[in-house]
Amino acid sequence: MNVRTRFAPSPTGYLHLGGLRTALYTFLFAKQNGGQFILRIEDTDQEREVEGAVELIYQSLRQAGLTYDEGPDVGGDYGPYIQTQRRELYLPYAMELVKSGAAYPCFCTKEELQARRDAATEKGEQWKYDKHCLNIPKEEALARMAKGESYVIRQNIPLTGVASFEDALYGHVEAPCDTLDDNVLIKADGLPTYNFANVIDDHMMGITHVMRGTEYLSSTPKYNLLYEAFGWQAPIYIHLSPVMKDASRKLSKRYGDPSFEDLLAQGYVRDAVINFIALLGWSPGDEREFFTLDELIQAFDLKGLSKAPAIFNTEKLVWFNHEYISRMPFEDYLAMVTPWLDQVLAGKQMDYRRLAELLHTRTEVFNRVPDMVSFLAQLPEYDNAIYTHKKMKTDADISLKALKLSRPVLAAMEDFSEDAVKEALMNLAVQNEMKTGQIMWPVRIAISGLQSTPGGTTEIAYLLGKEETLRRMDFGIQKLERSITNAGTSNV
RNA sequence: GGCUCCAUGGUCAAGCGGUUAAGACGUCGCCCUCUCAAGGCGAAAUCAGGGGUCCGAUUCCCCUUGGAGCUACCA
C-alpha cells in the first residue's frame, strides 16, 4: 500500500507544540513507509482565521525539518490543498447524500435553533437537533434551495443502532446513534464544516492513514457513517493523546504556552525540541533517547504510542537542550552564542572565543547566557559575606590578606594569560602556606562579585584583562577594609 | 448532565499472567575540584481504590475514584 498521511491544521495562530508533535508523528509514519506526507490547510471557519497564520505554519514545518511532499505552497496532484479553494467541490457530494437520504437540507435559522436549545436547557433537558427539517418533503426543500433561501445541510444520523470504527491505537470505538447529533455538513456560507470536509478531502486526496488528536475520537464514528453512505473505504485512524501543560490543562496558545518558534527564540535548538517532542507520548521500546530525524523515521512505531495524555516537562527539555548544545561543534556554538553575548558585552573588549569555550558545556538554554556573563561587563553589587566560604576555608580577614598579597603579584605580571595567572596565584598560596582556595576564592569573588561563575578565577582574570582585574581587586580590598574596621569599632 | 476515551515514581516511560517492577529527567548524598557546571559512584521514589477470574495479577473483567475529549452553521 502506498501510504499517504496528512497534517491538516487550521490557520488560527502559530503552530503549538501539540500540533508540532502530531505533524512529526504523521511525517515519520509516512516517511518510514516510503509514502507521502501532505499539508492541508483547514480554513473553513473564516471567522477564526488569523492573518499570516498559514505562512507561520509553512515556516514552522520547514524549520522543524518536516518537509511535506504536497501542500499549498509546493503543489501536488491532489490540490488545491486549501479548503476554501476547494469550496465548490463539497456541495455535489453533500447533494449525493441528500439524494440517498444520508443527509438533508435544513432551513432553521441560528436564532430559532438557539431558542429551542435554550428552552430545552431551561427544562433541564439535553438538546440535540430535532430533525425538524427532515420532515420537509424533498421536492419542496429542493425548491426552497433553488429559490435562494438560506440553508445548511445536515447529516441524517439514524435514530437507533451504533456507529463505530477501529482505531489503530484505541481499538474498537463505538457510540450509540441516539446520542449523536445531526451535524451540519455544509454551512449557510456554502463552506463545509470539519465534519464533512475531512471526510471528502481525505478521500479525494487518497489519504490512507489519518493521524490526529483525540478530540476527534468521539466524533469519528459519525465520520464513518459518512464513508459508509458514500460506499468509500475509510482510512486507518490513529488518534493521538494530547500534550498537557499540567495534569488538567492542555498546552494551548490561549494561555501563552510556548510555540515551537518561541522555543527557538528562547534559545532551544531545533533538534533538541524535536527529539524531546518525539518522546512525549511515544517510546522506542528500548533505552535509546537520542534521535536524529532520520533515526526517528527508522525507529518510529505505532506500538510505542501512548494512549494517556503526556505532560510537557520543561526540565527534561532543558536537559535535552543542554546535551545537544554540549555536543554541537564548537564553531557552531560560537556562532550561536555570539548574539547572546552581544546583548551584554557589545562594545567590550572580550575574547569571545575563550568565553564561549567556558560557556559551551554550561549552556542549558541560550537565553540564560546574558545573565551568566553580565558580571564581565559590570561588577555586580555583592555582600562581603560571600568572601566567607567554609570549604575554601576563607573568611573576611583571610580574604583581605589574600587580595592584598595577590594584588601586587598580578600587577607585576607582564604576561596575563590564564596559565601565568594560575601559576602566580598557586605559588603565592604555597609561599604563604595557604590553601589554593584561600587565594583563589577571594580573588574570584573580588573580580566577579558572584559565588558561582562560568570558569574559575584565572579564566575570569584573563577575560577581564589586567587593568579591570586590578581595579576590581582594589575595590574589593577597600570594601573589605571598610567592613572589618566597622566591625572592629562597634565591638569595642 | 449525556456520550467517548484514559490511569505504572514529581515528570516522560518499559512491562503485555510468575520480574529484585527497566531506563531517563528531576531530587538527595558522596567523590573529583580555584566557584559553578560537567563527570564518576550511590540513594530515595510508582502499579489510584475495591471487587472478581486464575495456582498466580501491574498485566484480563467489573465497579468506584480521578483526569481528558466531545456534546457549535469551531476545528
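As a basis for the values below, the full set of heavy atoms in this structure was taken, side chains included, without hydrogen atoms, waters or symmetry mates. Just so it is clear: chains get the letters A, B, ... in the order the sequence lines come, proteins before strands, and each one is counted from 1.
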Counting only side-chain heavy atoms from C-beta out, which of [options] sits nearest to [X]?
X: L217(A); options: A75(B), G2(B), U4(B); value: U4(B)
X: Y170(A); options: C73(B), A75(B), C5(B); value: C5(B)
X: E42(A); options: C6(B), C25(B), A75(B); value: A75(B)
X: R117(A); options: A75(B), C73(B), C25(B); value: C73(B)
X: K250(A); options: G69(B), A75(B), G26(B); value: G69(B)
X: S218(A); options: U11(B), C73(B), C70(B); value: C70(B)
X: Y223(A); options: C73(B), C70(B), A75(B); value: A75(B)
X: P309(A); options: A75(B), C6(B), G26(B); value: C6(B)
X: K316(A); options: A75(B), C25(B), G23(B); value: C25(B)
X: W319(A); options: G26(B), A75(B), A68(B); value: G26(B)

How far does the [atom1] atom of [N] sit from the matching atom of [M], given to the nearest Å?
N: G29(B); M: A44(B); atom1: P; value: 15 Å
N: A21(B); M: A37(B); atom1: P; value: 34 Å
N: U64(B); M: C25(B); atom1: C1'; value: 33 Å
N: U46(B); M: U11(B); atom1: C1'; value: 12 Å
N: C41(B); M: C55(B); atom1: P; value: 46 Å
N: A22(B); M: C47(B); atom1: P; value: 13 Å

Check: Taking the six-membered ring for Trp, is the centroid-to-centroid distance between Y216(A) and Y194(A) below 6.0 Å?
Finding: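 Judged by ring-centre distance (under 6.0 Å), Y216(A) and Y194(A) do meet the cut-off.
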
When all nucleic acid strands are considered with a 4.0 Å heavy-atom cut-off, which category describes [X]: base, sugar-phosphate, or nothing?
X: E174(A); value: sugar-phosphate
X: Y216(A); value: base
X: P176(A); value: sugar-phosphate

Check: Taking for each residue the nucleotide of RNA chain B bearing the nearest heavy atom, is the 5' side occupied by E289(A) or by T214(A)?
Finding: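 The residue closer to the strand's 5' end, by nearest nucleotide, is E289(A).
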
How close or far is atom [atom2] of [N] from atom [atom1] of [X], stated in whole angstroms?
X: M244(A); N: C6(B); atom1: CE; atom2: P; result: 15 Å
X: F312(A); N: C25(B); atom1: CZ; atom2: C1'; result: 13 Å
X: Q46(A); N: A75(B); atom1: CD; atom2: C1'; result: 13 Å
X: E287(A); N: C25(B); atom1: CD; atom2: P; result: 12 Å
X: E215(A); N: C3(B); atom1: CD; atom2: C1'; result: 17 Å
X: E315(A); N: C28(B); atom1: CD; atom2: P; result: 11 Å
X: D181(A); N: A72(B); atom1: CG; atom2: P; result: 6 Å

Less than 4.0 Å between a side-chain N and a carboxylate O, is that true for [Y] and [X]?
X: E468(A); Y: R472(A); answer: yes
X: E418(A); Y: R354(A); answer: yes
X: R353(A); Y: E357(A); answer: no
X: R40(A); Y: D202(A); answer: yes

Item checked: T179(A) side-chain N/O to P176(A) backbone N/O, donor-acceptor pair under 3.5 Å ->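 Yes, because the side chain of T179(A) sits within donor-acceptor range (under 3.5 Å) of the backbone of P176(A).
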
Checklist line | Donor-acceptor under 3.5 Å (T394(A) side chain, Y387(A) main chain) | finding: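 It does hold such a pair.
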
Note to self: For a quick test of reading the model: is some side-chain N or O of T44(A) closer than 4.0 Å to OP1 or OP2 of A75(B)?
What the structure shows: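 Affirmative; the distance criterion is met.
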
Margin query: Please tell me if K187(A) has a side-chain N or O lying less than 4.0 Å from either OP1 or OP2 of C74(B).
Written below: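 Yes, K187(A) has a side-chain N/O under 4.0 Å of OP1/OP2 on C74(B).
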
Next item on the list: Walk me through it: do D181(A) and K128(A) pass the test salt bridge (Lys or Arg N to Asp or Glu O under 4.0 Å)?
Entry: CA-CA 6 Å; D181(A) 205 353; K128(A) 181 170 91 115; 5.9 Å; no

Next item on the list: Ignoring hydrogens and angles, answer whether the base of A72(B) and the side-chain atoms of K110(A) contain a donor-acceptor pair closer than 3.5 Å.
Entry: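 No, no donor-acceptor pair under 3.5 Å.
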
Checklist line | Flag for T214(A)-Y170(A): side-chain donor and acceptor within less than 3.5 Å | finding: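 No, because no side-chain N or O of Y170(A) sits under 3.5 Å from a partner of the opposite role on T214(A).
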
Note to self: How would you summarise protein contacts on nucleotides 30-37 of chain B per nucleotide, using B for base, S for sugar-phosphate only and - for none, with heavy-atom distances below 4.0 Å?
What the structure shows: ---BBBBB

